[in-house]
Protein chains: 2
Amino acid sequence: MLTIGKLGQAAGVKVPTIRYYEQIGLLPEAERSAGNQRLYSRKALDRLTFVRHARELGFTLDAIRDLLSLSDHPDQPCAAADAIAKAQLAEIEKRLARLASLKVELKRMVAQCAGGSIADCRVIEVLGNHSLCAAEHGPRESEGDS
Amino acid sequence: MLTIGKLGQAAGVKVPTIRYYEQIGLLPEAERSAGNQRLYSRKALDRLTFVRHARELGFTLDAIRDLLSLSDHPDQPCAAADAIAKAQLAEIEKRLARLASLKVELKRMVAQCAGGSIADCRVIEVLGNHSLCAAEHGPRESEGDS
DNA sequence: CTAATGTCTATAGCCACTGTAGCTTCAAGA
DNA sequence: TCTTGAAGCTACAGTGGCTATAGACATTAG
Ligand SMILES: [Zn+2]
Ligand SMILES: [Zn+2]
Ligand SMILES: [Zn+2]
Ligand SMILES: [Zn+2]
């Protein structure tokens with residue numbers, strides 16, 4: 001059995017984050033020691049490691065909740081899990097495309113500035129006038145993490 | 001003079017967002033009509049349009065605050081503005097690199113799944129075990145918007 | 001035994017909004 | 001002129017995914 005600190009170290013997750021996950025019901029309530037401290041099994045470590053990895057891959061906690069409950073039913077078909085992963089891939093590709101177009105605009109902006117006074121600064125000018133942009137870079141639609 | 005609704009339409013910004021920007025001091029306090037409603041000049045529209053465009057390009061409100069105050073001093077050199085834009089470009093490039101590596105992993109994951117039961121699902125398996133990943137995809141370090 | 005570290009709960013804060021409730025004001029039509 | 005409906009007002013709560021703080025209790029090493 002691991003204390004919360006050891007668990008956090010082992011999984012690479014900060015202690016308050018683990019308590020937060022428990023609080024929102026992503027992780028089950030931990031067993032407690034005689035002195036009311038949380039104790040975790042090896043299985044709990046696997047679960048938290050799964051959560052961490054999925055977070056690193058950009059899945060939302062809601063998606064992870066679903067993935068966890070799917071992984072608790074190994075005999076079910078995996079179509080639902082695959083669908084979640086495909087949706088995540090699509091989301092990442094969407095963000096990627098948007099960031100790529102932002103990068104183009106920002107690069108152009110920075111490159112075009114000759115470095116005089118603010119009055120002549122291309123950065124300030126372009127920010128004030130989207131029609132100076134080379135292409136579209138739609139409204140930011142919740143850009144999520146990483 | 002424009003009402004807040006007209007201003008929002010003209011700039012493509014929602015009304016509550018405008019009030020929020022005023023509240024946090026990003027926009028100056030608006031003049032008021034006899035009946036206490038906000039009234040905006042053409043200059044205010046320019047300012048809000050600038051803010052919107054900068055947000056679309058991913059600048060934080062703090063960065064925009066600085067950019068706005070720079071653009072209020074047209075005789076100063078533009079190095080500070082350029083530095084902010086370059087930092088933003090660097091940030092975007094960092095996110096882009098990370099998203100690109102996430103995309104690779106997710107694609108691999110999805111492609112490798114043969115579609116049987118959860119017990120054999122590659123998606124679930126890889127999520128539980130990062131060593132099955134082809135490359136690194138560091139810890140998510142605050143991924144900001146869009 | 002004591003001191004240092006770890007853990008406990010509860011609460012507030014972060015960013016950039018968005019939504020709600022319960023009012024007041026305004027513009028247009030009858 | 002009266003009425004209706006849209007638009008505006010303030011103040012506050014909620015979003016996601018944590019992170020930080022305060023003040024009390026538990027555990028462990030020396
Ligand atoms: Zn410049
Ligand atoms: Zn633009
Ligand atoms: Zn599968
Ligand atoms: Zn991995």
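In the text below, chain A, chain B and the rest are named by the order of the sequence lines, each starting its count at 1.
To the nearest 0.5 Å, atoms CD (A:Q76) and OG (B:S117) are separated by 9.5 Å.
You'll find the side chain of B:L57 reaches within 4.5 Å of the side chain of A:H137, heavy atoms only. Residues A:L96 and B:L96 are in side-chain contact: their nearest non-hydrogen atoms beyond the backbone lie under 4.5 Å apart. Using a 4.5 Å heavy-atom cutoff, the side chains of B:L132 and B:R122 are in contact. In this structure, A:L106 and B:F59 have side chains that are in contact, with non-hydrogen atoms separated by less than 4.5 Å.
Side-chain proximity of A:V15 to C:dT7, D:dT19, C:dC17: nearest is C:dT7. Out of D:dT27, C:dT9, C:dT18, the shortest distance to the side chain of A:R32 is found at C:dT9. Looking at the side chain of A:Y20, the nearest of the listed nucleotides C:dC17, C:dT18, D:dT19 is D:dT19. The listed nucleotides are C:dA16, C:dT18, D:dG17; the one nearest the side chain of B:R55 is C:dA16.
Put simply, A:Y21 has no side-chain N or O that comes within less than 4.0 Å of OP1 or OP2 on D:dG17. Of the side-chain N and O atoms in B:T3, none sit less than 4.0 angstrom from OP1 or OP2 of C:dC26. Proximity of B:T60 to the phosphate of C:dC15: no side-chain N or O atom is located under 4.0 Å from OP1 or OP2. Of the side-chain N and O atoms in A:S33, none sit less than 4.0 angstrom from OP1 or OP2 of D:dA26. Taking side-chain N and O atoms only, B:R19 has no distance below 4.0 Å to OP1 or OP2 of D:dG8.
For B:R52 and C:dA16, the CZ to C1' distance is 16 Å, given to the nearest whole Å. Rounded to an integer number of Å, the gap from B:I64 CD1 to C:dA16 P is 8 Å. Regarding A:K14, its NZ atom lies at a distance of 15 Å from the P atom of C:dT7, rounded to whole Å. Spacing between atom CD of B:E56 and atom C1' of C:dA16 amounts to 15 Å, rounded to whole angstrom units. One can place CD1 of A:I4 at 17 Å from P of D:dA26, the figure rounded to the nearest angstrom. As rounded to whole Å, 11 Å separates atom P of D:dT19 from atom CD1 of A:I18. If you take CD1 of B:I24 and P of C:dC15, they are 9 Å apart, rounded to a whole angstrom. The CZ atom of B:R65 sits 10 Å away from the P atom of C:dC15 (whole-angstrom rounding).
Within a 6.0 Å radius of CZ in B:R42, other residues, nucleotides and ligands contribute 12 heavy atoms or fewer. Around CD of B:E31, the count of heavy atoms belonging to other residues, nucleotides or ligands within 6.0 Å does not exceed 12.
A donor-acceptor pair under 3.5 Å is absent between the side-chain atoms of B:E125 and the main chain of B:D120, judged by distance alone.
Residues from residues 36-48 of chain A with heavy atoms under 4.0 angstrom of DNA chain C, sorted by number: A:N36, A:Q37, A:R38.
In this structure, A:D62 and A:A34 both approach DNA chain D, and ranking their closest nucleotides by distance from the 5' end singles out A:D62.
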